[in-house]
Amino acid sequence: MLQVWARHPAAGRIWRVNEASRRKRGLAAAAAAGVDGLLLTHGPDLRYLTGFTGSNGALAMAGGRAVLFTDGRYTTQARAEAAPLRVVISKKPAPVAAAEWLLSRGVRACGFDAAQTTVAALERMRRELPASQRRGFFKAADGAIARLREVKDNDEIARMRRAANTGCSLFAIALGVARAGVPEAEVAAQMELAARRAGAENMSFETIVTGGERTALPHGRASMAKLPKRGFCTMDFGVLLDGYCSDMTRTIHLGRATPRERDVYHSVLDAQVAAIAAVKPGATAGEVDEAARGVLRKAGLHKFFTHSTGHGVGLEIHEGPRLAAKQTQVLEPGMVITIEPGAYLPGEFGIRIEDMVLVTETGGDVLTAESSKDLLEL
Ligand code: ZN
Ligand code: ZN
């Protein structure tokens, strides 16, 4: 999608109008699901549709109009971030005020995201409605916005490239810190410090650094355990930069690797490269998963590959599509996915290699290609 920039006449600052087009498409998708209004409260959805980054808000959309409801803490921020969208500061809970607005506009069936709304929150919104309109007003419109978010526009792709590049720069930092005797947490700390200095809002998830036998834990946290003299070290990390997440994994070796360690490393790498090669528009998520799994099967390692091959990434670290066995979802240009096969040999070692890949018109563009995947022996 073409990115449109304009100068805000009043504030005199650059603002994006992508959000307006996203709202239009979101409402159209919801209409196809049989609702004539939408009430959204999930933070990343609000950021996607309005630019607002506060922690409390509700977006109401109906009939080509939209209003963002939030509370007094966000008066200035919401108006600045969501302009020119109408912002209402409400004393009532934002979702309740949003539901009332939708009713006042004659909405009969309001879609909400059941995956992101607690039963208690739904009850609270429902209680505020006139008794005659409670029944059937709220309808689960699951994933309408999540599906839109799977395909990134040019503005998002540019941000994701920056996030991925910053992620790669952290790996370079880690290579300078990871040595025998250094605690895993120290490696993570240095990477996180560098992320902050590079402008990251946060890490996109808790940094994983594991050494030695602990690499066999796919999601081991960075602990005070010291990196071994000889053995693998796995680092899985990402930044949240300008709203967007990066996610990548590299596994390095301290000291010289044994022939068996080399073999397993190269099998995982072959599997990862095969899955990346399978990325193209029209391929199913299951086919990409199978490309990785098939290589590990041939190497006799498939029983040690205990998770899915990858996931979509964007405003959130885990988004659609899910790249797992038998998934029939078709890849489309603009999707950004991870490819992260691994092999975890209990009591011995584990290896995972992960890149972020943009689905292009013709194949896949690896956003984290800057970080080498050769077996590094430090
Ligand atoms: Zn990861
Ligand atoms: Zn991942």
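One-based numbering, in listed order, for ligands and for the atoms of each.
The side-chain hydrogen bond (donor to acceptor under 3.5 Å, both in side chains) test applied to T309 returns D289, not counting sequence neighbours. Here H302 pairs with nothing under the ring pair (Phe, Tyr, Trp, His ring centres under 6.0 Å) rule; sequence neighbours left out.
Ion pairing between a basic and an acidic side chain is recognised when a charged N comes within 4.0 Å of a carboxylate O; R230 and E213 show no such pairing.
Between R256 atom CZ and R262 atom CZ the span is 5.5 Å, to the nearest 0.5 Å.
In this structure, E192 contributes its side chain and A189 its backbone to no donor-acceptor pair below 3.5 Å.
The hydrophobic cluster containing L345 also includes F232, V264, Y265, V268, L269, V273, L296, L301, F304, F305, F349, I351, I353, L375, under a criterion of side-chain heavy atoms closer than 4.5 Å among ILVMFWY residues, counted directly or through chains of members.
Annotation: protein N, O or S atoms under 2.8 Å of the Zn ion (ligand 2) (waters excluded) comprise D247 OD2, H311 NE2, E340 OE2, E354 OE2.
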